[in-house]
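Beneath this line is the structure, given in structure tokens, with notes to follow.
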Amino acid sequence: MHLCNMYALVDCNNFYASCERIFKPELIGKPIVVLSNNDGCVIARSNEAKPYVPMGAVAFKYREVFKKNNIYVFSSNYALYADMSNRVMRILNQFTPEIEIYSIDEAFLNFTGLETLNLEQYSLQIIKKVNQWTKIPVSIGIAPTKALTKIANKIAKKFPNRTKNTYTIDNEEKRIKALKWTKIEDVWGIGRQFSKKLFLLNVKTAYDFTLLSDSFVQKEFSIVGLRLKRELEGKSVLKLEKTENKKNIATTRSFKNDIIEYNQIKERITTFACSCAEKLRKQNSYCNSLTVFIYTNNFKNKQKQYRKSVHLKLPFATNSNITLSKFAVKGLQTIFKNGYAFKKAGVILHDIHLKTHKQLNLFENENPKHEKLMQIMDKINHKLGEHKIKLASQNLEKTWIMKQEKLSNKYTTSWNELLTVK
DNA sequence: TCTGGGGTCCTAGGACCC
DNA sequence: TCTGGGGTCCTAGGACCC
């Protein structure tokens with residue numbers, strides 16, 4: 001194991017549930033679950049709720065369980081979670097110059113150059129500061145490779161009392177012990193399919209996996225598997241990645257009720273395209289192609305099924321609501337079929353480039369008025385809150401409000417919903 | 001009553017060219 | 001009429017992540 005570079009993985013504990021608790025301290029120590037869009041299924045649980053509710057549980061089926069065990073239920077409040085995430089990440093950034101924001105609740109830190117410090121003490125400081133400033137509890141795993149920090153983090157979480165929420169793998173003995181303790185299906189990068197395959201080979205732990213030959217791993221699990229093996233062996237091959245602009249941008253939704261009519265789907269697709277366009281402008285980019293898809297409800301197997309997607313190349317790079325929704329609807333027309341009950345649809349943008357790389361098309365170009373128009377639209381929407389200005393083809397009555405019965409306030413991002421102190 | 005949403009990377013195979 | 005090999009580019013789909 002080479003200890004010349006050390007990494008840390010900082011992971012917020014039960015992030016969404018922890019966010020909900022910040023402004024309701026009376027819920028500390030109480031079971032909480034957070035639901036997906038449309039209050040469909042459980043996507044986060046506090047530790048106290050975990051024994052009663054599995055991840056992904058369908059909410060309505062668990063209504064009795066929630067009630068019986070006094071479990072507090074929240075609709076997801078992404079505005080709050082995103083803002084809290086930003087706050088946590090800003091604090092982490094103070095502890096090391098190099099950080100990779102891996103997800104809304106996780107970041108890898110590069111501890112290289114900090115060898116003179118006691119890294120475990122250092123991470124205790126991080127935990128303390130994040131907690132003081134945001135009330136979010138975090139766990140930290142430290143190791144010479146990213147894959148091993150994931151495992152160290154899991155150990156820290158599993159034994160909070162013994163580890164004080166931070167665990168370090170910094171010698172062979174600890175590495176082997178940790179790998180033998182880690183079930184193969186819990187390894188970062190080993191999902192359902194790979195687990196199944198490995199189980200047949202009698203590979204049950206991360207340690208067993210490292211005993212396979214390189215050539216076999218490469219053959220069966222491609223270069224991805226081989227890299228993972230290296231990482232578990234303590235040889236770092238995955239470096240921190242710069243948080244660059246998105247390469248794909250998607251807006252997709254399941255509908256609360258099935259949609260049968262073309263015009264209703266068309267309105268949804270228009271709105272999704274506009275939402276994508278907005279995200280695109282936020283990162284100052286343009287896209288050159290897009291995908292539109294529509295699905296019937298996959299879970300209702302008695303129902304007539306239809307799932308289709310279409311990929312469209314655009315004649316010129318654009319980030320205009322008008323252009324993108326026009327082409328998205330064009331795509332929809334080619335795949336829509338009467339007589340089906342649609343449950344889900346979406347728009348995905350690809351071929352994304354920065355403003356400076358925008359290529360001019362010889363024959364066909366964007367109406368130059370769009371750029372200015374979009375700027376004004378973004379400005380007004382930003383100022384007045386959610387989507388006061390829309391395209392005429394979108395539904396101005398906003399009939400598509402999600403089912404969100406248990407939504408908490410946007411305490412940190414909306415002036416109207418600040419916490420009132422008595 | 002009804003099952004989330006948004007990403008990344010890799011590979012195989014087809015189209016096309018010489 | 002039959003038969004090549006090698007290379008590139010692109011895309012769909014499958015695996016994974018949170």
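We use all heavy atoms of the structure for the numbers below, so side chains are in, but hydrogens, waters and symmetry mates are not. Per chain, numbering begins at 1; letters A, B, ... match sequence-line order.
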Counting heavy atoms from C-beta on, name the nucleotide in [options] closest to the side chain of [X].
X: A:Lys247; options: B:dC9, C:dC16, B:dG6; result: B:dC9
X: A:Phe60; options: B:dT3, B:dG5, B:dT1; result: B:dT1
X: A:Trp188; options: B:dG6, C:dC18, C:dA15; result: C:dC18

Determine the contact category for [X]: base if any of its heavy atoms lies under 4.0 Å from a base atom, sugar-phosphate if only primed atoms, P, OP1 or OP2 are that close, otherwise nothing.
X: A:Ile223; value: sugar-phosphate
X: A:Ile190; value: sugar-phosphate
X: A:Val187; value: sugar-phosphate
X: A:Asp105; value: sugar-phosphate

OP1 or OP2 of [N] sitting under 4.0 Å from any side-chain N/O of [X]?
X: A:Thr252; N: B:dG6; value: yes
X: A:Arg227; N: B:dC9; value: no
X: A:Lys313; N: C:dC10; value: no
X: A:Asn248; N: B:dG7; value: no

_Just checking A:Phe336 against A:Phe342, ring centres under 6.0 Å apart?_
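Yes - the distance between ring centres of A:Phe336 and A:Phe342 falls below the 6.0 Å cut-off.
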*Salt-bridge contact A:Arg21-A:Glu48 (side-chain N to carboxylate O under 4.0 Å)*: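 Salt bridge between A:Arg21 and A:Glu48, a charged N being under 4.0 Å from a carboxylate O: yes.
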*With C1' as the reference atom in both, quote the distance from B:dC16 to C:dG4 in angstrom, rounded to an integer.*
16 Å
*Gap between atoms CZ and P, on A:Arg192 and C:dG14 respectively (whole Å)*: 14 Å
